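Take a look at the structure set out below.
No experiment lies behind these values; they were computed from the predicted model shown. Proteins get letters first, then strands, A, B, ... in listed order; numbering begins at 1 in each.
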Amino acid sequence: MKIATWNINGVKARVEAVEEWLKEASPDIACFQEIKSVDEGFPREIFEGLGYNVETHGQKGFNGVAILSKLPLEDVQRGLPGDDSDEQARYIEATVSTPKGAIRFGCLYLPNGNPLGTEKFSYKLGWMNRLIAHAEKRLAEETPFLLLGDFNVIPDPVDAAKPESWVDDALFQPESRQAFRALVNLGMTETVRACTEAPETYTFWDYQAGAWQKNNGIRIDHILLSPQATDRLNGCGIDKYVRGWEKPSDHVPVWVDLAAA
DNA sequence: ATGACTCCCTACGGGAGA
């Protein structure tokens, strides 16, 4: 069972590319971030036509997350718990039932946090603390659980082509990296790190200054697995080729293959 | 480096992104 995450950077601008990738990659579940659309504006019919059930948590103009699944989506939960005043659409969670039992997963778009020293950075760290608290609850249930999405965190220097150029950026702050480690250290497996030791493994290349052509990338899209999900891990991958398409997103899809039957 | 690109909006310039 293939479960993928992709920050598509606007569903209106990306619908053709997303359709093409879905046909080629054929994920069982796809988690999208930055749909930049309200729920009513999401082209669900197109994806339903490809055999997917669709659930969205959108807002106008920016942010927004969506789940596509070939299996029915159950117990859909919108928004990250822990702050009722948070109106940003950055989290959606659901369950699918497989022959081996239920799998629950959260699709997340973690705040960017720039610039440092502003409420944006404290919002990022607060959001990460809420995510840690929520993951702790889910892990206590001891059922397969995944967190997938755009974490907006560069975990380690090896995860950036030019780590020195990110030292003043929210994505590479010690506090951001520590919170990410705290999340993983709850007992989750950071999948791509577990699947490959290949250098220059990135998921994002800036649109500016020829970053893609120079392979000046960073690895910020991650898939974290609970122990029960890790037991089923068959493999993972990054669909890097999508970055070379016409009108690409600046992120590429990342996926895991879990034994489901 | 207040840069560069790209996407969005009751839009034609500014916010947000990373």
Item checked: Interatomic distance, A/K120 NZ vs B/dA18 C1' [rounded to whole Å] -> 12 Å

Checklist line | Within 6.0 angstrom of A/D84 CG, more than 12 heavy atoms from elsewhere | finding: no

Note to self: Need one value for A/N216: base, sugar-phosphate or nothing, where a base atom within 4.0 Å counts as base even if backbone is also close, heavy atoms only.
What the structure shows: nothing

Check: Roughly how far apart, to the nearest Å, are B/dC7 and B/dC12 at atom C1'?
Finding: 15 Å

Next item on the list: For B/dT6 and B/dA11, measure between their C1' atoms and round to the nearest Å.
Entry: 15 Å

Next item on the list: Considering only atom P, compute the distance from B/dA1 to B/dG14 and round it to an integer number of Å.
Entry: 24 Å

Checklist line | DNA chain B: 5'-proximal contact among A/G210 and A/N112 (nearest heavy atom) | finding: A/G210

Check: So does A/N114 get a side-chain nitrogen or oxygen closer than 4.0 Å to the phosphate oxygens (OP1/OP2) of B/dA18?
Finding: no

Margin query: Quick check for you: among B/dG17, B/dA18, B/dA4, whose closest atom lies nearest to any side-chain atom of A/D206?
Written below: B/dA18

Margin query: Work out how far the P atom of B/dT10 is from that of B/dC5, and round it to whole angstrom.
Written below: 27 Å

Check: What nucleotide, of B/dA4, B/dA18, B/dT6, holds the atom closest to the side chain of A/E34?
Finding: B/dA18

Notebook entry, point to check: Hey, does the side chain of A/H251 come within less than 4.0 Å of B/dG17's phosphate (OP1/OP2), counting only N and O?
Noted result: no

Next item on the list: Can you tell me the distance, in whole Å, between the CZ atom of A/F151 and the C1' atom of B/dG17?
Entry: 18 Å

Next item on the list: Please tell me which of the listed nucleotides, B/dT10, B/dC5, B/dA18, lies nearest to the side chain of A/K60?
Entry: B/dT10

Margin query: Under 4.0 Å between a side-chain nitrogen and a carboxylate oxygen: does that hold for A/R219 and A/E190?
Written below: yes

Check: If you look at every strand shown and take non-hydrogen atoms under 4.0 Å, does A/R219 touch a base, only sugar-phosphate, or nothing?
Finding: nothing

Notebook entry, point to check: What is the nucleic acid contact for A/F172, judged by heavy atoms within less than 4.0 Å: base, sugar-phosphate only, or nothing?
Noted result: nothing

Margin query: Rounded to whole Å, please give me the gap between CG in A/L110 and P in B/dA18.
Written below: 10 Å

Checklist line | Nearest-Å distance for atom pair CZ/P, residues A/F204 and B/dT6 | finding: 12 Å

Notebook entry, point to check: In terms of ring plane angle, is the pair A/F42 and A/F47 parallel, tilted or perpendicular, where the classes change at 30° and 60°?
Noted result: tilted

Note to self: Less than 4.0 angstrom between a side-chain N/O of A/R90 and OP1 or OP2 of B/dG17, yes or no?
What the structure shows: yes

Check: With a non-hydrogen cut-off below 4.0 angstrom, is A/K124 in contact with a base, only sugar-phosphate, or nothing?
Finding: nothing

Check: Starting at CD of A/E164 and ending at P of B/dA1, how long is that distance when rounded to a whole Å?
Finding: 14 Å

Check: Taking atom types as modelled, is there a side-chain donor on A/N114 or A/K124 under 3.5 Å from an acceptor on the other?
Finding: no

Note to self: Check the phosphate of B/dA16 against A/K36, side-chain N and O only, distance under 4.0 Å to OP1 or OP2. Yes or no?
What the structure shows: no

Checklist line | A/Y91 side chain to A/L131 backbone, donor-acceptor under 3.5 Å | finding: no

Next item on the list: Answer with yes or no whether A/D169 presents, from its side chain, a donor or acceptor under 3.5 Å of a partner atom in the base of B/dA18.
Entry: no

Checklist line | Phosphate-side-chain proximity, A/R14 and B/dC7, N/O vs OP1/OP2 below 4.0 Å | finding: yes

Note to self: Once you apply a heavy-atom cut-off of 4.0 Å, does A/D221 come out as touching a base, just sugar-phosphate, or nothing?
What the structure shows: nothing

Checklist line | Distance in angstrom units between A/H222 NE2 and B/dA18 C1', rounded | finding: 13 Å

Margin query: Within the 4.0 Å heavy-atom criterion, would you say A/K12 contacts the bases, only the backbone, or no part of the nucleic acid?
Written below: sugar-phosphate

Check: Atom CD1 of A/I35 and atom P of B/dC7: how far apart are they, to the nearest Å?
Finding: 16 Å

Notebook entry, point to check: Nearest of B/dT6, B/dA18, B/dA4 to any side-chain atom of A/Y207?
Noted result: B/dT6

Check: So, A/D239 side chain and A/P253 main chain: donor-acceptor pair closer than 3.5 Å or not?
Finding: no

Next item on the list: May I ask whether A/Y207 and A/V252 are part of the same hydrophobic cluster, defined by side-chain heavy atoms of I, L, V, M, F, W, Y residues being less than 4.5 angstrom apart, directly or through others?
Entry: no

Item checked: Inter-nucleotide P distance (B/dG13, B/dA18), Å rounded -> 26 Å

Checklist line | Short side-chain N/O contact from A/Y109 to OP1 or OP2 of B/dA18, under 4.0 Å | finding: yes

Checklist line | 5' precedence on DNA chain B between A/N9 and A/D250 (nearest-nucleotide basis) | finding: A/N9

Checklist line | Length of the line joining A/N7:CG and B/dT6:C1', which is rounded to integer Å | finding: 12 Å

